[in-house]
Every structure is written in structure tokens, then in C-alpha cells.
2 protein chains.
Amino acid sequence: MRVPPEERSATAARILQAADELIAEVSYEGVSMRDVAEAAGVKKALVFYYFNSKAELFDRVIERYYAAHLGALSSSIEGSGSVRDRLHRVIDAYLDFIEANRRYPRLIQQQVAGGNVHLDLIRRNLEPLFEWVQATFSEVAPSHGPLAARHFFVTFSGIVINYYTYAVVLGPLWSEDPLCPSALTDRRSHVHWMADLVLDGLERERTEDSDRSR
Amino acid sequence: MRVPPEERSATAARILQAADELIAEVSYEGVSMRDVAEAAGVKKALVFYYFNSKAELFDRVIERYYAAHLGALSSSIEGSGSVRDRLHRVIDAYLDFIEANRRYPRLIQQQVAGGNVHLDLIRRNLEPLFEWVQATFSEVAPSHGPLAARHFFVTFSGIVINYYTYAVVLGPLWSEDPLCPSALTDRRSHVHWMADLVLDGLERERTEDSDRSR
DNA sequence: GCAATATTTGACCGATCGGTCAAACCGATT
DNA sequence: AATCGGTTTGACCGATCGGTCAAATATTGC
């Protein structure tokens, strides 16, 4: 396996980080290689020396995030326990990862909503989490209809990730900085509250169903 | 009040629609005026004849969406009734609007996650809905903490809008096209189920609180 | 010390970008 | 037929885009 440029050279790492910040701040098309070079305190040609093209640099940025994302979630995904325990654990892991990688929500939303150039890369990233939700919720949710597992995947993805992207826009309207520590713990509690609510609701659906079939 | 170009000329309307489709498909920076002209079957200079600059054309695209969005929601927002009725009504109006404007979710997610060039435009668009949620939930939710109204604004925004953006990415992984009519009615039921769940949950929180204080 | 190797730079390339403008074109009006 | 206002076009502009390359500069191994 070949070693990526940012692990060989500290300069390459600085370039990658500059690209990371700029892309998350604007967008892939909105950032030029000159911007990246300038932000990294380096001449443009050097960027091409380490990363051969703009697409390659960009790929390294999101591939690194995706790998980190999967790594952060894998341990919490593989664990055992009740559905409730497992769900809370994955939510915590997801929130931990986002708070340690503040630019991730913007990046992934750009990917999903923007030009579908790297569509299968995003899909490969979301697939394990999707499969996990599918498998986990199959124990407590019907296999099809409005309460099927895949709806809860989208629902919880939205609940978790949208807070961070909307925070930038809506922050000024709020009484408090949405990204300050106390607000973030509030948000975390909110998501967990929603999770318990859904699991309780699904349980109620099941008992009502069995009552009705009796 | 001045008449916008697309209401004076059918050609201008075609150009605007082409810009609409391309921007939603890719992104503002990712689309050139030549692309727009070609998609509209027109020479580039004509685009500048009707819309004086790329920024102006782009502004017309999103302004039109925002106006339509507010128009579609205003009647459901202004109505009266129980909190539950009002919430279900606004959700239905939001979903109706999205299904009539399929490119809207991608556009708004691009705006929120992308370069914050038009940040206050987005804010003006989201503000009325945010204020409405704030006012409506104040009757049933605590004024601060994890169950404050603003958390439910973000939560429901995410639940409603994320489905459509994720659908494009995750569709191939699903057993069914996420945007086919039956899947959309399932999703609508899912959102309404979540709404009832939240309102019931908040009611339970309130009675537990008053029990505890007794 | 020198030579080989890796890093960094400035100058340059063709293509494309957003934008301008004068001229051609068009259907009415007289 | 002449003309006139709105429409459409082709040619062109300077700036910037992603990308290349040879030369200059550090760094390493001997």
C-alpha cells in the first residue's frame, strides 16, 4: 500500500489542511489551487508536486474524512447490547466525531446536495451506517411502510447533522451560540431524547399491533 | 415595483429555468454562464441582456424559490387551531411545496452548507418558519434546555428536508425508488408520526414535571 | 567536499471564466 | 420604403482557471 503525501511531508499535510478548511468553507468548485497554496503559505506549483491534480487533492480531503468517520463509528457499531443501548452509543459516537471534526457536516452536506461527481464515494461512506441502522431497527421496526428502518436512518441522520449546518445560518437569531459547549450538550440530550421517544413509540406500536391481532 | 425579466419575456423565463436546473444539479460556482446559455438554447450574451450578471441571475433563482416557499407556507402558518393541528398542517404544506419544487431541497442545502455568500438571504427565508416554530412550541415546550423550541425547528427541518437530498444518494441501496409516489406518502406518514410522537412526549414531560413539583 | 536526491519556485501554457459592445436582426408603425 | 425599439448574435476583453516544466534551492548520503 502506498503512503499518502500528507504522511510523508509536513508541508503536504499543511496543504491538505488548507484545502480541507477552504473546501468546507466554500465548495470544491469555489476554491482555486492558488487559494489553497496561498492559505498554506506555499507556491501553487508545490501543491501539484504533492497532489497531482485538484481532483486528487479534493479526493484526499474527503477520503480522509470518510475513513475517520468509519473508524470512529466502527467500534460503536460492532458492539452488542440492547437496541436502545446500541442506538445511544452510535449517536454519541457520531456526535463525538462531528465535534472533533467540525467541518465534516458542511462537507458531507455539500457532497450530498452538490454536483454528484463523487456520488459513489459518499455512498460507500454512508452505506455501513445505513446497513447498521437497517439491521438494528429490524428488531423493533416493521420491514416496510412509514416506520421502516430506512426512514429512521434518514430521520436521525438529519437530526444529528442538520444542527451543525443550520447553526451557522441561524446562530444570530438564537439567544446563544449554537456551537458553544453548553448548547452542544443540550443538543446531545435532545437527540438522545428523540431516540428514546422513537424506541418507546415503536414499542407501543408493536404492543398495539399484537393487541389488535388478538 | 419593477417587473422581473422572466415575466416580460418567455426567453428570459427559459434562461431562468435553465439556470435553476443547472444550479440545483451542480452548484453556483460549478455552473458557467455559457452552460446556462447552452441549456437554454441561446447565446451567452443574451443571458447578460436579461440578467445583468451571474450573481443577479443566481439571486433571481433563489429569490423566486424563497418567495414561493414563504407563499406556500404562509397560509398554513397563519391559521389557528390546536398546536397539533397547526404542526401537521405546516408539515403538509412544507412537504407539498417540496414535492412541487423538487430542486428546492438541494438548493437550500447547498446554500446552508456552501459558501456563505448569500447567508442573510437564507436567513430571511428561514426566519419566518423559525419564528413560527418558536411561537408554536412555546405553548408545549420549555423555553430552554434540550427540549427548547429551537431544537425542534432544526430537528423537523432535518427530518423533512434531508429525505430528499439523501434519496438521490441512497436510492440505489433501497428496495424502492425513494421518490416514487408510494414512497413519498410513506415518508409523509413517517414525518407525521414523528410529529405526534414529539407532541405526546412533550405532553408527558409536562405532566411529569407538574407531578414532581407537587 | 561532492554528487545525488528531494523540495520549492517563477515563468509560462491553452482553456475558460464573467462581462462588454457594436452590429445585425426582427416585427411593428408610419 | 424608411425607421424605430426591442431582441439576438459574434467577436472580443482582461482575469483567472488547472496544469506543466526547467531551473534554483535544500537536504541527504558518501
Rounded to the nearest Å, what distance is computed from the [atom1] atom of residue [X] to the [atom2] atom of nucleotide [N]?
| X | N | atom1 | atom2 | result |
| --- | --- | --- | --- | --- |
| B:Glu38 | C:dT16 | CD | P | 12 Å |
| B:Arg34 | D:dT9 | CZ | P | 15 Å |
| A:Ile23 | D:dG18 | CD1 | C1' | 14 Å |
| B:Phe51 | D:dT7 | CZ | P | 12 Å |
| A:Asp35 | D:dA15 | CG | C1' | 14 Å |
| A:Phe48 | C:dC13 | CZ | P | 17 Å |
| B:Met33 | D:dA15 | CE | C1' | 17 Å |
| B:Tyr28 | C:dG18 | OH | P | 8 Å |

Min side-chain heavy-atom separation [X]-[Y] under 4.5 Å:
| X | Y | answer |
| --- | --- | --- |
| A:His192 | A:Asp92 | yes |
| B:His69 | B:Phe97 | yes |
| A:Tyr104 | A:Ile108 | yes |

* Asked: Below 4.0 angstrom, N of the basic side chain to O of the carboxylate: do B:Lys54 and B:Glu29 qualify?
  -> no

* To do: Indicate yes or no: does A:Arg188 engage A:Asp96 in a salt bridge with an N to O separation below 4.0 Å.
  => yes

* Qualifying residues under ring pair (Phe, Tyr, Trp, His ring centres under 6.0 Å), relative to A:Phe152, sequence neighbours excluded -> A:Phe137, B:His190, B:Trp193

* Taking only residues two or more places apart in sequence, or in another chain, which ones meet A:Trp132 in a ring pair (Phe, Tyr, Trp, His ring centres under 6.0 Å)? -> none

Find every protein N or O atom lying less than 3.5 Å from an N or O atom of nucleotides 9-11 of chain C, and list the pairs.
unit_1	atom_1	unit_2	atom_2	d
C:dT9	OP2	A:Lys43	N	3.2

According to a strict under-4.0 Å criterion, is [X] in side-chain N/O contact with OP1 or OP2 of [N]?
| X | N | result |
| --- | --- | --- |
| A:Ser32 | D:dC17 | yes |
| B:Thr11 | D:dT7 | no |
| A:Tyr50 | C:dT8 | yes |

* **Where at least one partner belongs to residues 141-153 of chain B, residue pairs that pass side-chain hydrogen bond (donor to acceptor under 3.5 Å, both in side chains), sequence neighbours excluded** => A:Glu176-B:Arg150, A:Arg187-B:His151

* With heavy atoms under 4.0 Å as the rule, sort B:Val36 into base, sugar-phosphate or nothing. => nothing

* Under a cut-off of 3.5 Å for both distances of each Watson-Crick or G-U pair, what dot-bracket string does DNA chain C give, using [ ] for crossing pairs and | for inter-strand pairs? -> ||||||||||||||||||||||||||||||

* By salt bridge (Lys or Arg N to Asp or Glu O under 4.0 Å), which residues pair with A:Glu63, not counting sequence neighbours? -> A:Arg60

